[in-house]
Amino acid sequence: METVFDTIGLGSMEDLLVQAELLLRIGISCVLGLLIGHERKNRNKSAGIRTHAIVAMGAALIMIVSKYGFFDVESYDAARVAAQVVSGVGFLGAGVIFVRNNLVSGLTTAAGIWATAGVGLAMGCGLYVIGIVSALMIVLIQELMHRIDYFAQVASCGTIRMTIVKKAGAVKSMEEYLESCRVDIASVKVHKNKKDEIKVEFEVIYPPGLDKAGLFSKLAENDAVMTISD
C-alpha cells in the first residue's frame, strides 16, 4: 500500500526517521558552531558566530552526503567528498590571517575555523560524544588562554605619531628611548613641515604585557615631545 511519504517522494516512514536523525546531526553541529563563534565574537575577531555556525553545519552536511548519498554507486569511496572539507576550510582560514610588521594575527581564529569543521565532520558521522566534547574543549581552551595572564599576553603592533622639537639627533634619541622601553621599531616616517618641529610616525611592535597607557604618559612628559597619538 502506497503511503503519503511515497506520494511526496520521501520514501517510507523508516527512511523519514533516518533523515530526521541526520538533520539532528546538522542541527547540533550548527549549535556547536554558534557556541564556538560566540567566543570569537566576544574577542572582536573577524570570524564570528555566523561563520563558525555555517562552517560546522556545512561540514556536517558534506559528511552526511559523502557517507550516505552514494548508495546507488558500486564501490564508492565514502570519504572522498568529505575529505575536501579540510582543503576547502583552508581557503577560509587564509582569509582571516594577516601579517603586519612581522606579526601574524588571525592565526588562532583560522585554527578555530579548521577545528570547527572537524566538529562538523564528527557530528556528520554520528560521533555525538566526540563532536560535542571537542567543541566544548575548543571553547574551554580559548577562554582559559585569555583568562590566564601568562598565555593572554602577546606581542602587538601599532603606530605612534608624535611631533617633536627639531634639533640635532632628535629622531635618533626618540628611537633609542622607545627601544629602552622594549618597543621594537619596524619603520620610521619623518615629515619636516616647519622650522622648529618634526612630525614622526613610528610603526612599532609592543612586547607582551606592555602598559601602553603608561608608555604614552611618559612620552607626553618628555620635554622634546609636543604632541603624541596612536
Side-chain angles (χ1 to χ4, degrees), residues 3 5-6 8-97 104-148 151-152:
T3 66
F5 302 108
D6 296 321
I8 61 178
L10 293 176
S12 65
M13 182 64 175
E14 183 179 354
D15 291 337
L16 185 63
L17 291 175
V18 169
Q19 294 201 34
E21 196 270 337
L22 297 179
L23 283 173
L24 176 64
R25 299 182 188 182
I26 296 175
I28 296 176
S29 298
C30 186
V31 172
L32 295 176
L34 287 169
L35 183 65
I36 298 171
H38 182 266
E39 187 278 332
R40 292 284 84 191
K41 176 179 176 294
N42 289 341
R43 305 290 177 194
N44 294 321
K45 301 301 180 180
S46 54
I49 294 177
R50 288 176 296 179
T51 301
H52 286 79
I54 292 173
V55 166
M57 184 185 70
L61 174 62
I62 293 170
M63 172 56 80
I64 289 172
V65 171
S66 182
K67 189 174 182 181
Y68 305 106
F70 300 96
F71 283 124
D72 56 338
V73 180
E74 294 184 4
S75 302
Y76 76 99
D77 184 358
R80 175 168 292 184
V81 176
Q84 306 310 310
V85 172
V86 178
S87 58
V89 169
F91 288 98
L92 293 177
V96 298
I97 299 175
V104 180
S105 61
L107 195 58
T108 302
T109 301
I113 293 175
W114 177 71
T116 301
V119 170
L121 290 174
M123 294 304 303
C125 286
L127 303 176
Y128 291 100
V129 175
I130 292 177
I132 294 173
V133 172
S134 296
L136 294 177
M137 288 177 65
I138 294 171
V139 176
L140 184 63
I141 290 172
Q142 299 279 33
E143 287 289 345
L144 286 179
M145 294 304 101
H146 281 92
R147 292 180 183 275
I148 301 175
F151 297 107

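All heavy atoms count here, side chains included; hydrogens, waters and symmetry mates do not. The residues of the chain are indexed from 1 along the displayed sequence.
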remark   = side-chain contact (heavy atoms from CB on, under 4.5 Å) with S134: of V119, T116, L32, L127, only one passes, and it is V119
query = Which heavy-atom pair separates M123 from S29 by the least distance, and what is that distance?
reply = CB-OG, 2.9 Å
ask   = Between atom CG of L140 and atom CD of E39, what is the distance when rounded to the nearest 0.5 Å?
value = 10.5 Å
message = If you define the side chain from C-beta out and look only at heavy atoms, does anything of Q142 sit under 4.5 Å from T108?
response = yes
task = Check I26, V31, L24 against I28 for a side-chain contact (heavy atoms from CB on, under 4.5 Å) and give me the one that passes.
result = L24
remark   = On a heavy-atom basis, the closest approach of L121 and A59 is CD2-O, 3.6 Å
task = For residues G124 and R25, report the shortest heavy-atom separation together with the two atoms involved.
result = O-NH1, 2.8 Å
note = In terms of heavy-atom contacts, A122 and I130 come closest through CB-CG2, 4.5 Å
task = To the nearest 0.5 angstrom, please state how far the CG atom of L16 sits from the CG atom of L23.
result = 9.0 Å
query = Quick check: are there more than 12 heavy atoms from other residues, nucleotides or ligands sitting under 6.0 Å from CD of E14?
reply = no
note = Heavy atoms of L34 and A53 approach each other most closely as CD2-CB, 3.7 Å
query = What's the spacing between I36 CD1 and L136 CG if we round to 0.5 Å?
reply = 8.5 Å
key: Derivation and outcome, side-chain contact (heavy atoms from CB on, under 4.5 Å), residues W114 and V55   = CA-CA 9 Å; W114 177 71; V55 166; over 6 Å; no
For the student: nearest non-hydrogen atoms of R80 and S66, plus distance = N-OG, 3.9 Å
